[in-house]
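In what follows, a structure is listed as structure tokens, so that the remarks can point back to it.
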Amino acid sequence: MNKSVAILLVFLSLFSSSLFAELHSVEPPVAAPALSLPDTDGTLHNLEDYRGQVVLVQFWATYCPPCIKEMPSMNRMQTKLADTPFKILAVNMGETLPEVKAFLEKVKPEFTILMDETGHTIADWKVYGAPSNFIIGPEGKVRYTLFGGVEWDDDKLIAQLKALAN
């Protein structure tokens, strides 16, 4: 990734984390851009394969403080949504597999990490900062966005995601 782009993303992630702390409804819902990337073990994941579920697609980076801070709450969110058709696809933006694997050993996310080492999906999803979050409804449309960090296991957010799944 271009160094100036990386610096801009860090700045935007720090700035945005205090501004946005709730889901923003997308009206009318729009079709989610294509997403087909390998996970850290090389298994290919295609967003289309998750139709019928609510999916949090998150774009993140190891150098993004809000991204690091919110990962434990994402683990807890998954536990709270265990009875809900829900999946997290966390897309790393433009870092190498060794960098990401070293980071994951420390943070230990319990959800799917996808690798976009070239950063080519950023433009398709219109990602300008990290973390950038998109809630995809069971029908495959973007229903909510959230730019910046948040405590994902917040009861209000959990209720919104459960309602979307039903």
Side-chain angles (χ1 to χ4, degrees), residues 1-17 19-68 70-71 74 77-78 81 85-101 103-104 107 109 111-150 152 157 160-161 164-165:
M1 175 182 289
N2 178 316
K3 189 174 183 174
S4 61
V5 171
I7 292 169
L8 177 62
L9 288 174
V10 169
F11 173 76
L12 288 173
S13 69
L14 289 171
F15 180 69
S16 65
S17 66
L19 293 179
F20 307 100
E22 63 182 48
L23 296 178
H24 298 277
S25 182
V26 175
E27 294 297 333
V30 297
L35 183 68
S36 184
L37 293 168
D39 63 23
T40 56
D41 294 324
T43 302
L44 191 64
H45 293 259
N46 189 322
L47 182 58
E48 286 291 318
D49 296 338
Y50 296 93
R51 281 282 173 105
Q53 299 181 56
V54 173
V55 181
L56 165 58
V57 175
Q58 180 186 74
F59 290 85
W60 69 281
T62 64
Y63 51 80
C64 163
C67 301
I68 297 163
E70 72 183 358
M71 282 193 173
M74 293 167 73
M77 172 180 61
Q78 273 202 153
L81 292 169
F86 173 78
K87 185 73 173 175
I88 299 172
L89 300 176
V91 180
N92 179 268
M93 302 186 308
E95 297 179 278
T96 66
L97 186 58
E99 287 174 309
V100 172
K101 282 192 171 187
F103 172 82
L104 298 178
V107 178
F111 43 87
T112 304
I113 302 293
L114 300 181
M115 296 298 303
D116 183 10
E117 291 184 75
T118 64
H120 73 274
T121 58
I122 293 170
D124 294 341
W125 284 77
K126 297 179 178 37
V127 172
Y128 301 104
S132 288
N133 305 281
F134 302 87
I135 304 294
I136 312 304
E139 74 291 346
K141 294 186 176 185
V142 178
R143 302 295 300 274
Y144 296 99
T145 60
L146 190 148
F147 300 100
V150 68
W152 283 103
L157 287 174
Q160 284 179 282
L161 295 172
L164 183 57

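Note that the structure is predicted; figures quoted are calculated from it, not measured.
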Verify, without hydrogens or angle tests, whether [X] (side chain) and [Y] (backbone) share a donor-acceptor contact under 3.5 angstrom.
| X | Y | answer |
| --- | --- | --- |
| Asp39 | Asp41 | yes |
| Asp116 | Val91 | no |
| Glu95 | Thr62 | yes |

Legend entry - Lys87 and Thr112: side chain donor to acceptor below 3.5 Å: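 Per modelled atom types, Lys87 and Thr112 side chains form a pair under 3.5 Å.
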Could you state the interatomic distance from [atom1] ([X]) to [atom2] ([Y]), rounded to the nearest 0.5 Å?
| X | Y | atom1 | atom2 | result |
| --- | --- | --- | --- | --- |
| Glu139 | Arg51 | CD | CZ | 7.5 Å |
| Leu47 | Leu37 | CG | CG | 10.0 Å |
| Phe86 | Met77 | CZ | CE | 3.5 Å |
| Met71 | Leu104 | CE | CG | 7.0 Å |
| Lys101 | Met115 | NZ | CE | 9.0 Å |
| Leu35 | Phe59 | CG | CZ | 6.0 Å |

With a 4.5 Å cut-off on side-chain heavy atoms, are [Y] and [X] touching?
| X | Y | result |
| --- | --- | --- |
| Tyr144 | Val54 | no |
| Tyr50 | Ile136 | no |
| Phe103 | Ile68 | yes |
| Leu56 | Trp152 | yes |

Can you give me the closest heavy-atom contact between [X] and [Y], atom names plus distance?
| X | Y | answer |
| --- | --- | --- |
| Trp125 | Ala34 | NE1-O, 3.3 Å |
| Gly137 | Leu164 | CA-CD2, 4.1 Å |
| Gly149 | Glu70 | CA-OE1, 3.2 Å |
| His120 | Asp124 | O-OD2, 4.1 Å |
| Ala90 | Phe111 | CB-CE1, 3.7 Å |
| Pro85 | Gly52 | CB-O, 4.0 Å |

Inset, instruction - Output, in order, the C-alpha distance, side-chain angles, deciding distance and verdict of side-chain contact (heavy atoms from CB on, under 4.5 Å) for Met93 and Ile122. - result: CA-CA 7 Å; Met93 302 186 308; Ile122 293 170; 4.0 Å; yes
Inset, instruction - Could you pull out all residues at least two apart from Trp60 that satisfy side-chain hydrogen bond (donor to acceptor under 3.5 Å, both in side chains)? - result: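 Not a single residue meets the side-chain hydrogen bond (donor to acceptor under 3.5 Å, both in side chains) criterion with Trp60.
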Inset, instruction - Using side-chain contact (heavy atoms from CB on, under 4.5 Å) as the criterion, point out the one residue from Asn133, Val150, Ile135 that pairs with Leu23. - result: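 Output: one option passes, namely Ile135.
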